[in-house]
Visitor: 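Next up is a structure, given as structure tokens.
Ligands are counted one by one from 1 in listed order, and the atoms in each one are counted from 1 as well.
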Amino acid sequence: MDLSYLNSRWDDAYADSLDPVERLIYRSNLLGADWRITNTGGGNTSAKLVEKDPITGEDVLVMWVKGSGGDLRTAKKKNFASLYQQRLLDLQSVYAAMPERGVKTPAEDVMVGMYAHCTFNLNPCAPSIDTPLHSFIPYAHVDHTHPAPIIALATAADGPALTKEIFGDKVIWVDWQRPGFELGLLMQNVVKENPQAVGILMGGHGLINWANDDKACYLLSLDLIRQAAEYLSKKDQGSNVFGGAKYQSLDSAKRDEILVDILPYIRGKVSQEKRFIGTVDHNDALMTFVNSADAPRLAELGTSCPDHFLRTKIKPLYVDWNPQTEDVANLKAKLDAGLEAYKKDYAAYYEAHKHPNSPAMRVSYPSVVLIPGIGLIAWGKTKSESRVTAEFYNAAIWVMRGAESVSGYTAISRQEAFDIEYWLLEEAKLKRMPAEQEMARKIVVVVGAGSGIGKDTVERLIKDGATVAALDLDTTAAKATADEVMKRIGMGIGVAGSGISGSGDIIGLGCDMTNRASIREALSQVVLAYGGIDGIAVTAGIFISPDVKGNFDDAGWAKSFAVNTTGPYLVAHEASRIWKAQNLSGSLVITTSVNAVVAKKGSFAYDVSKAATNHLIRELAIELAPHVRVNGVAPATVVEGSSMFPRDRVMASLAKYKIAFDESEDTESLRSRLAQFYASRTLTGAPIRPADQSEAIYLFLSERLSRTTGQIVQVDGGLVEAFLR
Ligand SMILES: [Zn+2]
């Protein structure tokens, strides 16, 4: 087993150039860099440092601890809280004076509200829920991580004995207990009673270790995880793990064909209350589990580490389907039955464990679906959330593999799980989250995204939180649009070292709109990347000019129709299968042109093809009702940034309108000259920009015009001759 992820990455020269708080951040980033050491957003670190008090000017001990909701890998100074250490210790007498104390009592939650009173230097960062244990362990540096090899021991049936066997009296076992003030007090006691100890293994949860030197603390974390990993690796059962293989993985072509078929179907089912974005995973270690004899039993037990099950939910949906003998129809029937049973189980779990003041039941669909032969499908409110959910279940599989190899895997009790999932503090955290963006949870495909209106539409959608597939005939241009956006918004959370393949919130793909197979392939890739499709904007079009003598050949006529009319039809027709399977509302927006209703010299093929497209919009609105709305946006000559206005055409148009220009002028300046001329013919007198078009397209893609279908809106600055009637 490759344990190189446990090699030290500490750089003395670099660390020595940092101040003490920066060294804490450095240590945290190193620990967070690999998902097997700690999961995305999981674990926390602290350092007790001497600082100058801003009022007295005296030296005081201040504890810096990771903030609530932060992520170790990406944490910066702003993600760390700073608290007076003495004040934190003083909280113990405040707590002791409370009439009713104990694990999970309201007194524990009251203490969380007290941390703010300990704030040093007005630091606004809210401290981690694990603040008490960091403060009460009397060492300068404390690391708390969720390492897969340690959680394997923490969930093994004989975890306490194994801990003794591996670590002797250096690491002390503590039974599962929900994080909070009581856990901090408990840890304080353990350290007092075991002065030789360097760490605590928290049942069902993870690892805590400490030292008075920061580098020593980091190395200790790695060393303890390595001891656990080496022990487990000696006991690993290889191909016999999980009771051996029951099924074989399907080959990748067959697997993807089935996924393209079932992903929109499952997405529709799990998205009845709120939409979800998907991530598919089928790495070898995962498939060993999913195809195994023991997978149904272990999946049913659920995950253990609280961080894990908050995302993976209490258990995944394992679909008992035989990839070698059963067909897709059987798979769908089993998915249906499985989802129904899951919903009932979840409601029963909620009813059996709820308290009088528990928050209302949350979405009762699985966030992880396991299918033998195919792999794992994770669902989240964004792409990166679903990728992290996949990461967590992969970690849970390593945990189960380790625990099953040494004894047996045990999950946290359902009541304890419930008390974490529906903890009022968790609910408060959820409520504190910023409101979701307008296009959050929506997957939108933009065809023609390499330039002009399409590229601008991508920007407009991303700005409001959509997940986007940028398609263009020019694959390089499509990828460039996606890369540009990615550079700006980043990959989101949970990527480094997670081993989870997949994209960020945007992908760029090539697509020839005149070729049905090419469209099908591109839409299939979108489904594999995100799980389905909600909206499509077709902005691609072609304008073919007559030659210099005014001649226009048949090929130009055919091509104009192939791109401008047949293209949107083929896209709609191919997408309709996905929309039908998904059974959710959708929106198709097709860019047409004011030329569709204004006859002009020199553009008849373009104009006639756009007139046909106007009617295509109305026909499609009828065909795709009631779920999918179909509308059109009709621009008038957007010159700025348009690939339909190459230098030649701009110069030809300027000549046609007898506008003076200098052949040495650059293309943008020639374009702006032409745009000004077009603007002068409109009621508003303003040049039409790609942003004006993308705003109209955005409106149709959003829910704001959810009662409008079969319509065309002109975005032309006010061209009287293009008024619809
Ligand atoms: Zn933890």
Visitor: Closest heavy-atom contact between Y342 and Y365?
Guide: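 Taking Y342 first and Y365 second, the nearest heavy atoms are CE2-C, 3.7 Å.
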
Visitor: For residues Y95 and E108, is any side-chain donor paired with an opposing acceptor at under 3.5 Å?
Guide: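 No.
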
Visitor: Less than 3.5 Å apart, which donor and acceptor atoms pair up between the side chains of residues 142-150 and the rest of the protein, not counting sequence neighbours?
Guide:
unit_1: D143; atom_1: OD1; unit_2: R27; atom_2: NE; d: 2.8
unit_1: D143; atom_1: OD1; unit_2: R27; atom_2: NH2; d: 2.8
unit_1: D143; atom_1: OD2; unit_2: S221; atom_2: OG; d: 2.7
unit_1: H144; atom_1: ND1; unit_2: L207; atom_2: O; d: 2.8
unit_1: H144; atom_1: NE2; unit_2: H146; atom_2: NE2; d: 3.3
unit_1: H144; atom_1: NE2; unit_2: H205; atom_2: NE2; d: 3.3
unit_1: H146; atom_1: ND1; unit_2: N39; atom_2: OD1; d: 2.8
unit_1: H146; atom_1: NE2; unit_2: H205; atom_2: NE2; d: 3.2

Visitor: Would you say the rings of Y26 and W10 are close, in the sense that their centroids are separated by under 6.0 Å?
Guide: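 Centroid separation for W10 and Y26: below 6.0 Å.
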
Visitor: If the condition is ring pair (Phe, Tyr, Trp, His ring centres under 6.0 Å), which residues does F120 pass it with, not counting sequence neighbours?
Guide: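 In terms of ring pair (Phe, Tyr, Trp, His ring centres under 6.0 Å), with neighbours along the sequence ignored, F120 is linked to Y84.
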
Visitor: Using the test side chain to side chain donor-acceptor pair (under 3.5 Å), find all partners of S82 that sit at least two apart in sequence or belong to another chain.
Guide: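 Scan of S82 (side chain to side chain donor-acceptor pair (under 3.5 Å), adjacent residues dropped) gives N123.
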
Visitor: Under 2.8 Å from the Zn ion (ligand 1), protein N/O/S atom count?
Guide: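 For the Zn ion (ligand 1), the figure is 3.
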
